[in-house]
S.K.: 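Have a look at this one before I ask anything.
Each chain gets a letter, A, B and so on, in the order its sequence line appears, and its residues count up from 1.
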Amino acid sequence: MDLGAVTDQELIRRKKLDELRERGIDPYPARAERTHTAKQAKAAFERGELGPEDSVALVGRMMTRRIMGKASFAHIEDGSGRIQIYLRRDILGDETYNWFFKKMLDIGDIIGVKGPIFRTRTGEITCEVHEITLLAKTLHPLPDKWHGLTDVETRYRHRYVDLMVNPEVREIFIKRAKLVRALREYLDKEGFLEVETPILQPIYGGAAARPFTTYHNELDQTLYLRISFELYLKRLIVGGYERVYEIGRDFRNEGVSFKHNPEFTQLEFYEAYTDYHGVMRRAEELITYAVEQVNGGLQLTYQGHEIDFTPPWPRIPLRDIIHDRTGIDILQYRDPDALRQAIRKIGGNPNPEAGWGKLVDSLLSSYVEETLIQPTFLVDYPVDISPLAKRSPDNPDIAERFEGFVGGMEICNAFSELNDPLDQLDRFLEQRRALEAGDEEAHPIDEDFILALRFGMPPTGGFGMGIDRLTMVVTDKPSIREVILFPHLRTKGMPSHLPELLALKEGKPIPQSKEEESAENPD
RNA sequence: GGGGCGCUAGCUCAACUGGUAGAGCAGCGGACUCUUAAUCCGCGGGUUGGGGGUUCGAGUCCUCCGCGCCUCACCA
């Protein structure tokens, strides 16, 4: 669907602009008068604070209109909601009512009205309009007042229209903001310092992902968009802050899916003098606090599943859950080829390049992840896919790491942070070998990070969580794109409507739309 | 990247095995002073995502391309 095309309806509205200006009316004035929001006006009236002699000034977008000859009703909508307005010719006069309101205004126009509040016979609180002004003229018609806008592609590409006509979509992002605020509240209350670390990084790291690459002209330097905050936040722990967190954007140059967007919002916190068990307890507290604040309780429905966030959440060793779901005991197959053989035996198709840890991880994502509906921690991960996590004292091949799952999705990842600089060096060297062997998601060596560890980092627990995914759960949305205001979509091949727009500007007939590459996206 | 599904008026959707592209809302003209998916009468509006092909005839069949959704692969 192509919302950008210019139509005959728009030309009609375009002509109204000229007519308004000819009569000395500015269709885009700079100022508006307002005494109440729609919600405030209704509340004040219900409290009896507004009598028939009191006038309010309201603003908003006209969403519906019912003209019945010499009287009309309409709804205007502002950021607080809708309110009905009532217009009469014998109050407004012939020119204002018949010409201005009925002929010049359209659904979608942003207007201001003044007048007293009353209740109609059917009980709706309504503003009786004594003055009406145009605040911004709409050229493009609004989508269907009843069905709204449903085409997902159009909704994401032109989110403003989606927000305008689909109030439940506005609600999603209000909830998202509440969620982020609650996470901050919890961490601030617990003495965590909110910090900001570089998005443009000369060396990326902290996650297994391919980065976006960019370039600084003046410095003649290649830079990467961060794939995590981890290595910078741990430097701050070395520096002496004991509790730090950051909420911000990560960028991973990977495929997109219902749970992956190329840029996504991450929360990471690091806490000195705790380990992954301590982080698990804190994760429970943090997430339950946030869910409670947004949702008003710890039970919610996600895609038909009743989910209960009441702690404590089960802690299940990764080895056990994989054994339970697949019959494979990963510790019985320490050799990658042996594990591959076992995976084939249960009908899987293992990656021939993958090492032991990656095979274990693919078992997790293929057979376990989608079954973890209730909040669950899986603990103790392979060291070779956890290059920044501390080894278990009981088993040097296992890292003190956990991931949290809910609604069949991984939402967080945490570990006892590796603070042994020489072990860290080994892990980086191992990553470099993988990188050189063609693993595009392996880390480069960050020598300055090693230097930081050489100065000594206290025992530390670290945590990372995808805020988009948690938002999906609390808003009951099946796709990450529903909880990102402007999700990434391909723009190549989108048509340009400049010729039509120029005709519209001149008030001339609209030429036929032709497929043309957008000028901003040569390629 | 593979496979499947989709793209029809500004919006929401119809159109059987190929046979004149329709409806509701929105818009335009008219009636109507408490309506709320207002109602009633009338009218305009389409390169059926784009190109090519088969056919007397294509929204419908074939093919290439674009975009999206789902799915598999990939992916901390």
Side-chain angles (χ1 to χ4, degrees), chain A residues 1-13 15 63-75 82 84-91 97 103 106-108 118-124 126 128 138-157 161 165 206-210 227-228 230 250 252-260 262 349 351 353-354 357-358 360-362 364-366 369 381-382 385-389 401 403 410-415 440-441 464 466 478-479 481 487 489-495 512-517:
Chain A
M1 187 185 303
D2 180 11
L3 205 57
V6 180
T7 66
D8 55 335
Q9 286 199 39
E10 227 166 320
L11 195 58
I12 290 164
R13 295 183 182 203
K15 286 181 175 144
M63 302 303 287
T64 63
R65 186 161 68 157
R66 297 171 291 283
I67 297 174
M68 298 158 303
K70 299 178 187 66
S72 297
F73 287 94
H75 276 102
R82 286 191 186 192
Q84 182 167 260
I85 61 174
Y86 178 52
L87 303 96
R88 284 166 47 156
R89 192 190 65 171
D90 58 10
I91 294 175
Y97 182 76
K103 298 293 179 195
D106 289 287
I107 287 175
F118 73 107
R119 202 184 280 276
T120 64
R121 271 177 218 157
T122 49
E124 180 160 355
T126 300
E128 182 185 84
T138 308
L139 291 178
H140 199 295
L142 255 54
D144 191 281
K145 68 182 174 190
W146 189 244
H147 300 97
L149 181 67
T150 60
D151 181 86
V152 289
E153 181 179 355
T154 311
R155 288 182 43 231
Y156 297 158
R157 285 193 194 280
V161 185
V165 298
R210 291 157 69 186
I227 58 172
S228 84
E230 173 148 1
D250 271 345
R252 297 187 185 175
N253 207 337
E254 294 168 346
V256 298
S257 78
F258 74 94
K259 54 180 174 179
H260 297 271
N349 179 27
N351 181 343
E353 306 285 308
K358 283 212 164 190
V360 169
D361 195 48
S362 69
L364 166 62
S365 32
S366 303
E369 183 170 3
Y381 278 63
I385 52 166
S386 311
L388 299 158
R401 170 177 172 188
E403 290 186 321
E410 177 203 331
I411 58 160
C412 64
N413 177 26
F415 31 86
E440 291 178 304
E441 295 175 349
S479 164
R481 297 179 201 97
L489 295 178
R490 199 187 297 255
T491 52
K492 209 167 61 175
M494 289 292 109
Q512 271 186 1
S513 174
K514 281 191 196 134
E515 280 295 314
E516 279 178 32
E517 293 295 314

S.K.: Report which part of the nucleic acid A:Gly464 touches: base, sugar-phosphate, or nothing (heavy-atom distance under 4.0 Å, all strands).
M.R.: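 No contact at all - A:Gly464 keeps every heavy atom at 4.0 Å or more from the nucleic acid.
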S.K.: Quantified in whole Å, what is the C1' atom distance between nucleotide B:rU39 and nucleotide B:rC69?
M.R.: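 Pairwise C1' distance, B:rU39 against B:rC69, rounds to 39 Å.
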S.K.: Categorize A:Thr7 for me: base, sugar-phosphate, or nothing, with a 4.0 angstrom heavy-atom threshold over every strand shown.
M.R.: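 It contacts sugar-phosphate atoms only.
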S.K.: Calculate the interatomic distance between A:Ile67 atom CD1 and B:rU39 atom C1'; express it in whole Å.
M.R.: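 The distance from CD1 of A:Ile67 to C1' of B:rU39 comes to 13 Å, rounded to the nearest Å.
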S.K.: Rounding to the closest angstrom, what is the interatomic distance between B:rU63 and B:rG4 at atom P?
M.R.: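 It works out to 10 Å between them.
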S.K.: Taking atom CG of A:Leu142 and atom OG1 of A:Thr64, what is their separation to the nearest 0.5 Å?
M.R.: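 Between atom CG of A:Leu142 and atom OG1 of A:Thr64 there are 11.0 Å.
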S.K.: Could you tell me the Watson-Crick or G-U partner of B:rC34, where both distances fall under 3.5 Å? Say none if there is no partner.
M.R.: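 Answer to the pairing question: none, since B:rC34 forms no Watson-Crick or G-U pair.
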S.K.: Between atom CD of A:Glu10 and atom OG1 of A:Thr138, what is the distance when rounded to the nearest 0.5 Å?
M.R.: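 It comes to 10.0 Å.
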S.K.: Examine B:rC34: is either OP1 or OP2 under 4.0 Å from a nitrogen or oxygen in the side chain of A:Lys70? Give yes or no.
M.R.: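 A:Lys70 to B:rC34 OP1/OP2: no side-chain N or O under 4.0 Å.
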S.K.: Between A:Pro143 and A:Arg65, who's closer to the 5' end of RNA chain B by nearest nucleotide?
M.R.: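 Its nucleotide being nearer the 5' end, the pick is A:Pro143.
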S.K.: For A:Ile85 and B:rC34, give me the distance from atom CD1 to atom P, rounded to whole Å.
M.R.: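 Rounded to whole Å, this separation is 16 Å.
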S.K.: If we take the C1' atom in both B:rC67 and B:rG27, what is their distance in whole Å?
M.R.: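 My reading of the C1' atoms in B:rC67 and B:rG27 gives 28 Å.
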S.K.: Taking the same atom, C1', in B:rA23 and in B:rC65, what whole-Å distance lies between them?
M.R.: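 One C1' to the other, the span is 32 Å.
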S.K.: Looking across every strand, which nucleic acid part, if any, lies under 4.0 Å from A:Glu10 by heavy atom: base, sugar-phosphate, or nothing?
M.R.: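 Contact class for A:Glu10: none.
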S.K.: Run the ring-ring contact (aromatic ring centres under 6.0 Å, His included) test on A:Phe118 and A:Tyr86 for me, step by step, so that the C-alpha distance in whole Å, both residues' side-chain angles and the decisive distance to 0.1 Å come before the verdict.
M.R.: CA-CA 10 Å; A:Phe118 73 107; A:Tyr86 178 52; 5.7 Å; yes
S.K.: Round to the nearest Å and state the distance from A:Phe118 atom CZ to B:rU35 atom C1'.
M.R.: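 Interatomic distance, CZ of A:Phe118 to C1' of B:rU35: 10 Å.
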S.K.: Counting only N and O atoms by type, is there a donor-acceptor contact under 3.5 Å from the side chain of A:Arg66 to the main-chain atoms of A:Phe73?
M.R.: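 It does not hold such a pair.
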S.K.: I'd like the C1' distance from B:rG18 over to B:rU48, given in whole Å.
M.R.: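 To the nearest whole Å, 15 Å.
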S.K.: Only pairs with both distances under 3.5 Å count, Watson-Crick or wobble alike; so what is the partner of B:rG57 in this structure?
M.R.: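 When the pairing criteria are applied, nothing turns out to pair with B:rG57, so the answer is none.
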S.K.: Here's a test for you: under side-chain hydrogen bond (donor to acceptor under 3.5 Å, both in side chains), which of A:Arg65, A:Arg82, A:Glu124 qualifies with A:His75?
M.R.: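 Checked A:Arg65, A:Arg82, A:Glu124 against A:His75; only one passes side-chain hydrogen bond (donor to acceptor under 3.5 Å, both in side chains): A:Glu124.
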S.K.: May I ask you to test the A:Ile385-A:Val360 pair for a side-chain heavy-atom distance under 4.5 Å?
M.R.: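 Counting from C-beta outward, A:Ile385 and A:Val360 never come under 4.5 Å.
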S.K.: Toward the 5' end of RNA chain B, which comes first, A:Gln9 or A:His140, by nearest nucleotide?
M.R.: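 Counting from the 5' end, the first nearest nucleotide belongs to A:His140.
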S.K.: Check whether A:His140 reaches the backbone of A:Leu3 with its side chain - one donor and one acceptor, N or O, closer than 3.5 Å.
M.R.: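 Here the side-chain-to-backbone pair exists.
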S.K.: Under 3.5 Å, which N/O atoms of the protein pair with N/O atoms of nucleotides 69-71 of chain B?
M.R.:
unit_1 : atom_1 : unit_2   : atom_2 : d
B:rC69 : OP1    : A:Arg481 : NE     : 3.2
B:rC69 : OP1    : A:Arg481 : NH1    : 3.4

S.K.: What's the CG-C1' distance between A:Asp151 and B:rC7, to the nearest Å?
M.R.: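 Nearest whole value for this atom pair: 8 Å.
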S.K.: If the P atom of B:rC7 is compared with that of B:rU54, how far apart are they to the nearest Å?
M.R.: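 The answer is 25 Å between these two P atoms.
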S.K.: Paired with B:rG46: which nucleotide, if any, by Watson-Crick or G-U wobble criteria at under 3.5 Å for both distances?
M.R.: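 Because no pair has both required distances under 3.5 Å, B:rG46 counts as unpaired.
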S.K.: Roughly how far apart, to the nearest Å, are B:rC34 and B:rG45 at atom P?
M.R.: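 About 35 Å, rounded to a whole number of Å.
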S.K.: Measuring only the P atom in each nucleotide, how far is B:rA31 from B:rA14? A whole number of Å is fine.
M.R.: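 Looking at atom P only, B:rA31 and B:rA14 are 37 Å apart.
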S.K.: Is the shortest side-chain N/O distance from A:Arg88 to OP1 or OP2 of B:rU33 below 4.0 Å?
M.R.: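 Answer is no, no contact under 4.0 Å.
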S.K.: So how far is it from A:Ser228 OG to A:Asn413 CG, rounded to the nearest 0.5 Å?
M.R.: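 So the OG of A:Ser228 and the CG of A:Asn413 are separated by 10.0 Å.
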S.K.: Counting only Watson-Crick or G-U wobble pairs whose two distances fall under 3.5 Å, which nucleotide matches B:rA15?
M.R.: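 Partner of B:rA15: none found under 3.5 Å.
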S.K.: Which base, if any, makes a Watson-Crick or G-U wobble pair with B:rC69, both distances under 3.5 Å?
M.R.: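 WC or wobble partner is B:rG4.
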S.K.: To the nearest angstrom, how far is A:Asp8 atom CG from B:rG46 atom P?
M.R.: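 The distance from CG of A:Asp8 to P of B:rG46 comes to 7 Å, rounded to the nearest Å.
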S.K.: Quiz question: going by heavy-atom distance under 3.5 Å, is there a donor-acceptor pair between the base of B:rU35 and the side chain of A:Glu124?
M.R.: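 It does not, because no donor-acceptor pair links the side chain of A:Glu124 to the base of B:rU35 below 3.5 Å.
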S.K.: I'd like to know if the side chain of A:Ser365 and the backbone of A:Asp361 have a donor-acceptor N/O pair within less than 3.5 Å.
M.R.: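 Yes, because the side chain of A:Ser365 sits within donor-acceptor range (under 3.5 Å) of the backbone of A:Asp361.
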S.K.: Considering residues at least two apart in sequence or located in another chain, which fulfil the side-chain contact (heavy atoms from CB on, under 4.5 Å) criterion with A:Ala354?
M.R.: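 Once residues adjacent in sequence are excluded, the partners of A:Ala354 under the side-chain contact (heavy atoms from CB on, under 4.5 Å) criterion are A:Arg340, A:Asn351, A:Lys358, A:Leu359.
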S.K.: Take atom CD1 of A:Ile12 and atom C1' of B:rC43, then tell me their distance rounded to the nearest Å.
M.R.: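 Going from CD1 in A:Ile12 over to C1' in B:rC43 covers 12 Å.
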S.K.: Could you tell me whether A:Tyr86 contacts a base, only the sugar-phosphate backbone, or nothing, with contacts defined as non-hydrogen atoms closer than 4.0 Å?
M.R.: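 It contacts base atoms.
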S.K.: Please tell me if A:Thr150 has a side-chain N or O lying less than 4.0 Å from either OP1 or OP2 of B:rU12.
M.R.: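 Yes, such a contact exists.
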S.K.: Tell me whether the OP1 or OP2 atom of B:rG68 has a side-chain N or O from A:Arg157 closer than 4.0 Å.
M.R.: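 Yes, A:Arg157 has a side-chain N/O under 4.0 Å of OP1/OP2 on B:rG68.
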S.K.: For A:Arg210, look at atom CZ and say whether over 12 heavy atoms of other residues, nucleotides or ligands are found less than 6.0 Å away.
M.R.: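 Atom CZ in A:Arg210 is not packed in, count stays at 12 or less.
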S.K.: If you check the A:Phe73 side chain, which of B:rC67, B:rU35, B:rA26 turns out closest?
M.R.: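 Taking heavy atoms from C-beta onward, the closest nucleotide is B:rU35.
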S.K.: Looking only at side-chain atoms of A:Glu153, point me to the closest of B:rC11, B:rG27, B:rG68.
M.R.: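 Nucleotide nearest to A:Glu153's side chain: B:rG68.
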S.K.: Could you go through nucleotides 74-76 of chain B and list every protein N or O atom that sits under 3.5 Å from one of its N or O atoms, giving the distance for each pair?
M.R.:
unit_1 : atom_1 : unit_2   : atom_2 : d
B:rC75 : O3'    : A:Glu441 : OE1    : 2.6
B:rC75 : O3'    : A:Glu441 : OE2    : 2.9
B:rC75 : O2'    : A:Glu254 : OE1    : 2.9
B:rC75 : O2'    : A:Glu254 : OE2    : 2.9
B:rC75 : O2     : A:His260 : NE2    : 3.0
B:rA76 : OP1    : A:Ala208 : O      : 3.3
B:rA76 : OP1    : A:Glu441 : OE1    : 2.3
B:rA76 : O2'    : A:Arg252 : NH1    : 3.2
B:rA76 : N6     : A:Ile385 : O      : 3.0
B:rA76 : N3     : A:Asn413 : ND2    : 3.2

S.K.: Grab the CZ-P distance between A:Arg490 and B:rG66 for me, whole Å please.
M.R.: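 Distance, rounded to whole Å: 8 Å.
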S.K.: Measure the distance from CG on A:Asp144 to P on B:rU8 and round it to the nearest whole Å.
M.R.: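 So the CG-P distance, A:Asp144 to B:rU8, works out to 15 Å.
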S.K.: On the ring face of A:Tyr156, is A:Arg481 found with NZ or CZ under 6.0 Å from the centre and within 45° of the axis?
M.R.: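 Ring-cation test returns no.
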S.K.: Paired with B:rC25: which nucleotide, if any, by Watson-Crick or G-U wobble criteria at under 3.5 Å for both distances?
M.R.: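 Base partner found: B:rG10.
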S.K.: What distance separates A:Gln84 CD from A:Arg119 CZ, expressed to the nearest 0.5 Å?
M.R.: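 Reported to 0.5 Å precision, the distance equals 12.0 Å.
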